[in-house]
Amino acid sequence: MQLPKTYEPNRYETDIYAMWEAAGAFKPSGAGDPYSIVMPPPNANANLHVGHSLEVIKDILIRYYRMSGRDAVYIPGADHAGFETWVVFEKSLESEGKSRFDFPREQLYQMVWDFVAKNRSNMELQIRSLGISCDWSTNTFTLDSKVVNIVYSTFKKMWDDGLIYRGERLVNYCTRHQTSFADIEVVYDEEETPLYYIKYGPFELATTRPETKFGDTAVAVHPDDDRYREWVGQTVTIHGVNGDFNVVVVADEMVDPHFGTGVVKITPAHSFDDWEVAQRHDLPAVRVIDPDGKLNDKTGRFAGMTILDGRKAVVEAMQEMGLILKIDEHYKTRIGRCYKCGTMIEPMLMKQWFINVKPLAERAKSAIENGDIKFVPEQKSRELVHYLTELRDWNISRQIPWGIPIPAFQNVDDGDDWIFDTRVDQTEIEVEGHIYRRDSDTFDTWFSSGQWPFITTDYLDSGELARFYPNSVMETGTDLLRPWVARMIMLGLYRTDQMPFKEVYLHGMVTDEKGRKMSKSKGNVINPMDFVAEFGSDALRMGISMNRSAGQPQAFSHATVIAGRNFCNKLWNMARLVQKIIDENPNQAEISDDLAAQWVKKQLNQAQRTIADHIENYRFAEAIDTVYHTIWDDVADWFIEAEKLTKNVPVLMEIMDYVLKIAHPFAPFVTEAIWTTFHSDGSLLVSQQWVNDLTYHDDEAEEFESIQSLVNEIRLVTTQLPAGKYDLLYIGDEIIADNVDLITTLAGLKSVQQVTAGRGLRIASTDREAWLDLSYEMVYEHQTRLEKRLAETRADIAKLESRLGNQGYIDRAPTHLVEESRQDLTDKQALVERLVAELEITK
RNA sequence: GGGUUGUUAGCUCAGUUGGCUAGAGCGCCUCGUUUACACCGAGGAGGUCGGGGGUCCGAGCCCCUCACAACCCACCA
């Protein structure tokens, strides 16, 4: 069989993935301890971004545990991503000159559905191209009926338990998207905005939002502020642009007496702080801005203006009346904006569905504090506890058509009469003679995805996958700790009385090569598929997981992808050589006295244990490092090189299989490509068992190690010499005598000869009687190098002597360390003697 | 204002409970046409582990302090 000189991933990857799928290789075996991972469902509205390539972390785990004999499943999914998808969809409508208001709701829903179906299949192909070994037969879409049914049953249970309430509250509202948001979807930034100092009845005060003045229902001062004590409780008349109005003066701790004049106007309907003051003092709330972002009729002649235009107009009117005292144009404050379009978030008074999170959060908190879940990195659990402590009630209503409709209907004759009903395909239903109208809102996406682990495993219905709940590990990005992980824990405990997963591993964000956040507007977005196309899937997999540690953001590194590509090529060429040796020596029986084979088995045993330990403890970068260097440095550079001579075919095959297995979780495609060329029996590497320890003879392994140190020493010397090949002379050394060819090849010598008297340069650092046959002039030239080495060794000795001269060290350091130091000192002293003797000759 | 994390080679980053000579990849330098691989082989340069102090026989790692960076949270009109 002819294999090309370099590995060409694109020739194999698609076929290999198809082969795995056809063989059902990703299905759980049904035998062994269950091991499960659920994929954070990628948004079905777009292509994968580079962060998604960290799915390989989960794939490394699942492939390893699958090979280790666990009953392993990796459940994939896709998220309808309510608001996210809606934004993308609306943009595409806009580009066609259309608007959501041009279509009836049902038609819109169908249009989004088609839009998503198209993008979703793309996204799923991309997951395949990353080699993710998930069981596609368990694929779940967040709008599947089984998801909707469980989401409804959770909503019903909460309703019955009194955890759901409909409340008129201030919500974060984007006037452009015309929907409300959870707290977590609002981004805050420090910005400059004018601060207006105004005359306000008998007071002076500062405000950034004069246009909300029409909604003022109070003025607040600090209870301990003597300046205003007499006013508290009184009603004062304010001279305003639309005439006079009255407000009450309240005392509240919220006021900072040292800020401005120590007086704050209270606009409950348009400020979160003011809303809370209003709650405490039972103040009315007047909404002056409508959901379309325009001032309403409460503002009189300003009605119909946008917020910013209204502000300008109100300020002008106030200036004419002499109500503006001064304007600080460079005042800096924190402004909340829509995380999608950047529109200023308007606190909006609306009736919405809320979850009373306190009982859920308390339960989650104590479970986490109890250590029921292991976090990697650990400090994230403290962060989460902190978040759960401060969590406010959760607004689950969204005013967008795309999503799971809220199964609640309102009596058309009695606005306070709401009933739960799942007939959401109808806009109106009749119950006991009353007509009820469906709430037009949909659920916040996190309400459904927060139930993901027990939904996807059919746990509540005791389905076939129920044994996979709780999941073994939840692996996702640090950015999802609050919005998703926290909710899964709360809802998981609520519905199943169990933690939804036993461990949480959080990866840091992938930033661009300069460490900046990626964003479309910065134009620094990296498309993982470009890298798959150019370097291969395995190269990207290895590159993205190299040098990465839990929870830390890390710049995407082109260089590590290249390292991954190089490694795959190395594997490929090892296979080519092994194949060639097999082809040329088809009937070669095992050779028993193969030192290199004994040694490499010893190395591999150790590496295997290290790799397993690293994976099991989520140290992926270290695992890859071990795989990379064991295979490249030990197997390729020593063992395979030695086998060019020995041609120990059965062992070569054994080692090759071993190498493919330990590399497979990291580089599944190239290892499978090689495996299938070596194994014509139709077996697949993906389904093989993880490696066991190999038996080897320690004496022979050690013998090989002493040959290595001799070879290393010779290389060290010859690399300093003029190019060419040199002869090695030795006196009666059995190991050298038995391995003449091996040493000649590995050290790149012309010959190795037995002599009765040495000449040339003694290979000083080993205690062997071996010389490089060099002329006197060459040895002389080498003198400075010997002197340098001698000086270094003497410095080492001085260090060791001072350490051993320290009584504290002798008394308190572990004995084995002291012993090692002593041994080291003895060895170094012997080396010095040999180097000195060597230098004598050159004089 | 509070919190978390980080600052290690030219670049991107590892470094598991303090243990003796701090590692990797990429880049750089020297040499190499050994028919697996130049996406290669052999060798090498490059670090006072952000600054200062402390604990300890021993500190990249623990403690204190300062500086800088990133992220998150927060009710300052």
Side-chain angles (χ1 to χ4, degrees), chain A residues 3 5-7 188 195 205-209 220 254-256 258-267 271-277 333-334 377 379-380 382-383 386-387 390 478-479 481-482 508-509 511 513-517 535 539 543 546-549 551-581 613-614 617 619 621-622 624-625 628-629 636-637 640-641 644 712 715-716 718-723 725 745 747-748 792 796 799-800 803 806-814 816-818 820-821 824:
Chain A
L3 296 173
K5 244 168 102 161
T6 46
Y7 173 57
Y188 291 92
L195 180 64
L205 57 76
T207 180
T208 53
R209 304 209 51 191
M254 161 267 206
V255 180
D256 176 357
H258 305 294
F259 184 89
T261 57
V263 183
V264 187
K265 73 185 186 73
I266 300 298
T267 322
S271 154
F272 287 100
D273 308 336
D274 295 3
W275 172 256
E276 290 189 0
V277 173
T333 190
R334 223 172 55 113
Q379 73 268 11
K380 292 291 170 190
R382 268 169 279 138
E383 255 183 73
H386 187 252
Y387 172 70
E390 317 243 297
T478 49
D479 57 330
L481 177 67
R482 289 173 164 85
M509 298 296 97
T511 58
E513 304 231 20
K514 289 174 184 153
R516 297 171 309 181
K517 239 183 198 174
F535 300 105
M546 259 184 231
N547 284 358
R548 181 172 285 280
S549 59
Q552 282 321 118
Q554 197 208 350
F556 180 83
S557 160
H558 202 104
T560 55
V561 178
I562 288 180
R565 189 269 317 262
N566 293 353
F567 176 75
C568 293
N569 192 242
K570 189 71 188 178
L571 270 179
W572 184 254
N573 277 289
M574 285 167 62
R576 285 180 68 216
L577 178 62
V578 170
Q579 185 65 257
K580 190 170 164 230
I581 294 174
D613 187 56
H614 284 321
N617 290 289
R619 295 190 295 260
E622 289 96 319
I624 290 181
D625 199 62
Y628 185 101
H629 288 286
D637 290 347
I640 301 265
E641 284 303 320
K644 283 179 178 171
N712 280 334
R715 285 173 177 173
L716 217 59
T718 53
T719 193
Q720 309 292 325
L721 302 171
K725 295 214 163 191
T745 306
E792 283 169 1
D796 290 346
K799 228 171 165 178
L800 285 165
R803 185 182 301 148
N806 180 343
Q807 197 55 42
Y809 179 71
I810 305 290
D811 293 344
R812 301 197 200 173
H816 74 274
L817 287 177
V818 179
E820 272 172 37
S821 297
D824 209 10

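Each chain gets a letter, A, B and so on, in the order its sequence line appears, and its residues count up from 1. Side-chain atoms are counted along with the backbone in the values below, which use heavy atoms only and exclude waters and symmetry mates.
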How would you label the contact of [X] with the nucleic acid (heavy atoms, under 4.0 Å): base, sugar-phosphate, or nothing?
X        : value
A:Lys517 : sugar-phosphate
A:Lys5   : sugar-phosphate
A:Val263 : nothing

Within the structure provided, determine whether [X] and [Y] are in side-chain contact (heavy-atom separation under 4.5 Å).
X        : Y        : answer
A:Tyr7   : A:Leu571 : no
A:Thr207 : A:Lys265 : yes
A:Lys380 : A:Leu481 : yes

With rounding to the closest Å, how many angstrom separate the [atom1] atoms on [N] and [M]?
N      : M      : atom1 : result
B:rG6  : B:rC63 : P     : 12 Å
B:rC62 : B:rG25 : P     : 27 Å
B:rG27 : B:rC39 : P     : 10 Å
B:rA74 : B:rU17 : P     : 32 Å

Return the pairing partner of [N] with a 3.5 Å limit on both distances, Watson-Crick or G-U wobble; otherwise return none.
N      : value
B:rC62 : B:rG54
B:rG41 : B:rC31
B:rA36 : none
B:rA67 : B:rU7
B:rA24 : B:rU12

Quick check: on RNA chain B, is the nucleotide nearest A:Gly551 upstream (toward 5') of the one nearest A:His386, or the reverse? Name the residue that is more 5'. A:Gly551

Walk me through whether A:Met509 and A:Asp479 qualify under side chain to side chain contact (heavy atoms under 4.5 Å, CB included). CA-CA 8 Å; A:Met509 298 296 97; A:Asp479 57 330; 3.1 Å; yes

For nucleotides 42-49 of chain B, tabulate all protein N/O to nucleotide N/O atom pairs closer than 3.5 Å, reporting atom names and distance.
none

Give the C-alpha distance, both sets of side-chain angles, the deciding distance and a yes or no for side chain to side chain contact (heavy atoms under 4.5 Å, CB included) between A:Met254 and A:Asp273. CA-CA 8 Å; A:Met254 161 267 206; A:Asp273 308 336; 3.6 Å; yes

Please report, rounded to the nearest Å, how far the P atom of B:rC40 is from the NZ atom of A:Lys570.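 From A:Lys570 NZ to B:rC40 P: 7 Å.
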
Whole-Å distance separating the CD1 atom of A:Ile640 from the C1' atom of B:rU34: 16 Å

Strictly under 4.0 angstrom, non-hydrogen atoms only: write out the protein contact profile of nucleotides 13-26 of chain B, one letter per nucleotide from the 5' end, B, S or -. BSSB--BBB--BSS

Check whether any side-chain N or O of A:Lys265 sits under 4.0 Å from OP1 or OP2 of B:rC76, and answer yes or no.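 Checking A:Lys265 against B:rC76: no side-chain N or O falls below 4.0 Å of OP1 or OP2.
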
Tell me whether the rings of A:Phe535 and A:His558 are parallel (<30°), tilted (30 to 60°) or perpendicular (>60°). perpendicular

Closest to the A:Asn569 side chain: B:rC39, B:rA36, B:rC76? B:rC39

Is there a donor and acceptor pair closer than 3.5 Å between the side chain of A:Arg565 and the base of B:rC39? yes

